[in-house]
Protein chains: 2
Amino acid sequence: MRPSDLQLFQKTEIFARLGEATAERLARNCQVKDYPKNTMLTEQGETAEYVHLILNGRVALTAECLDGSSTIVTSFGDGEIFVTAAAILQQPYLVAAKTISPCRILLIPVTRFRQALQTEAALALLMVDRLAHHWRLLVGHLRELKLHTALERLASYLVTRSPAARGAAHFRLTEDRRTIAAELGMSAECLSRSFQQLRACGVRVSGSRVHILDVAQLKKLYRPVVPAPRHMANPADETFERSPESVHQQTH
Amino acid sequence: MRPSDLQLFQKTEIFARLGEATAERLARNCQVKDYPKNTMLTEQGETAEYVHLILNGRVALTAECLDGSSTIVTSFGDGEIFVTAAAILQQPYLVAAKTISPCRILLIPVTRFRQALQTEAALALLMVDRLAHHWRLLVGHLRELKLHTALERLASYLVTRSPAARGAAHFRLTEDRRTIAAELGMSAECLSRSFQQLRACGVRVSGSRVHILDVAQLKKLYRPVVPAPRHMANPADETFERSPESVHQQTH
DNA sequence: CGGTTGTTTGAGGACGTTCAAGTACTGTGG
DNA sequence: CCACAGTACTTGAACGTCCTCAAACAACCG
């Protein structure tokens, strides 16, 4: 563990809530590894060997089918600890973990982690807190998937990533299109088309750059004010009609 | 808390893992209430007042939209403790809780629960365990939704509810069609049609009674052995072709 | 028996996928 | 600098799955 790693570790919520002494004991002599983008960290069905703490980067949990199709269940970023359920329960992973950006990861051996869980009350409380957050994360995803269309999910995604809560905003997408699509539960083609549709709502994308004219307007998309069935709104609906000025605008 | 409630409580995994003394302290003087089917226990956006322990019955967590549509995120049965994330984090509920069968529920005030969490190590460890299980539950649901068709999800549902792991099985559905449909993320109509399709795979339903000729055969449905794209298999696919003998068989 | 509610069936349509082709962005080596 | 390949992204057409609506049917209860 290099000094720079220690710095990253100390900045995490995990560290802060554990207290220095406990955190130090937990991380002592642990490996820290670098992984390039798109590395499989763990495979479905394996038993947990390490608990992973992301010092830097982003990791996706992916579910795979025997026929080769796969999807992203959720993803975690800097400072998060993940795939702890399998480690805690000593059961095989339900999902695989894959880096979706270059990552630097602290690897805590499961045996040590499980031991610490028993002896350090602070760690148990921390895990209760983290797992509760993770639970809410998945509940949010399930709600999105079951209740919202692809377009609405994209709008929601952009809003949560927007630095501003309303008004204009511009920022960069940190992941490629295919990854975003998998995370939102749609095909890359559908994502592309949804971006096109959002032009009418004041969203401009060019590569990884995103410009939103009015974030508040986007929010309305996935919080329908009109309690009418979706298909009833279509006949005379102008919402997604391309405005004349935007039809032939090409990014550069 | 009546003696019969205490008996139910003592049979739960929660009680067993906490130990008698701690469990007794946690539940002392707590209310136990009966709820008929389809009662809203908590609403979306409220802050948690009680942690609920189901002594008897089944409760669904439902996500709702402003337009009135709603869906079931997951459900819990006897002996389970639920909506703990909101209680732990002192944040408003992301989902509502609704009984989907008559229920008898032990209500633990959040303040007491949170206090106990800090002081009783056993409770913290128990919650880590429960939350890990609940996490895996949702991961499973997300995987099903994103990776499997309605038909496959129903097959999976029936297999998990089947008392036998292979061979013939018969059992009863504990919930009505609409609830099952919501839980599986489909409309009641789609569920009905999926049941029809499963006749070809040796599934007979009549009211709440289910007869499965061969559970192992059902499992094949959602674990496709052939690594071919679904639509390629269609032209000459016999899987869902009704066998001559089954076409006109009616239940009763 | 009619009224209520839950389930099934049929028709049509919306949403999203797949496949295929085209276009734009990489980086590499000449 | 350009040609080139390789990859990522976009666009179009056709199709499949699932949803909605509406109506028929069944079961239950007064």
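Proteins get letters first, then strands, A, B, ... in listed order; numbering begins at 1 in each. All values reported here derive from a predicted model rather than from experimental measurement.
- For the pair A:L147 CG and D:dC19 C1', the computed distance is 14 Å after rounding to whole Å.
- A distance of 6.0 Å separates CD1 in B:I180 from CZ in B:R177, rounded to the nearest 0.5 Å.
- Straight-line distance from the CG atom of A:L151 to the C1' atom of C:dA14: 13 Å, rounded to whole Å.
- Atom NZ of B:K146 is separated from atom C1' of D:dT17 by 18 Å (rounded to the nearest Å).
- In this entry the distance linking CD1 of B:I100 with P of C:dG6 reads 15 Å, nearest Å.
- Taking atom NE2 of B:H148 as the reference point, atom C1' of D:dG16 lies 18 Å away to the nearest angstrom.
- A:R178 has no side-chain polar atom (N or O) that falls below the 4.0 Å cut-off from OP1 or OP2 of D:dA8.
- For the pair B:R199 and B:F195, the cation does not sit on the ring face, since its NZ or CZ is not both under 6.0 Å from the ring centre and inside 45° of the axis.
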Check against side-chain hydrogen bond (donor to acceptor under 3.5 Å, both in side chains), B:S75 and B:R58: CA-CA 7 Å; B:S75 65; B:R58 193 151 193 95; 3.1 Å; yes
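- Atom CD of A:E144 is separated from atom P of C:dC15 by 17 Å (rounded to the nearest Å).
- Atoms CZ (B:R209) and C1' (D:dA27) sit 13 Å apart, rounded to a whole Å.
- Contacts between residues 179-195 of chain B and DNA chain C, counted as heavy-atom distances below 4.0 Å, involve B:E189, B:S192, B:R193.
- Atom NE2 of A:H134 sits about 9.0 Å away from atom CG of A:L61, to the nearest 0.5 Å.
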Verdict with supporting geometry, A:Y157 and A:E144, side-chain hydrogen bond (donor to acceptor under 3.5 Å, both in side chains): CA-CA 10 Å; A:Y157 177 88; A:E144 285 283 308; over 6 Å; no
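- Between B:Q196 and C:dT9 there is a side-chain N or O to OP1 or OP2 distance below 4.0 Å.
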Steps toward salt bridge (Lys or Arg N to Asp or Glu O under 4.0 Å) verdict (B:D5, B:R104): CA-CA 9 Å; B:D5 293 331; B:R104 189 152 178 85; 2.5 Å; yes
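- Between A:L145 atom CG and D:dT17 atom C1' the separation is 16 Å, expressed in whole Å.
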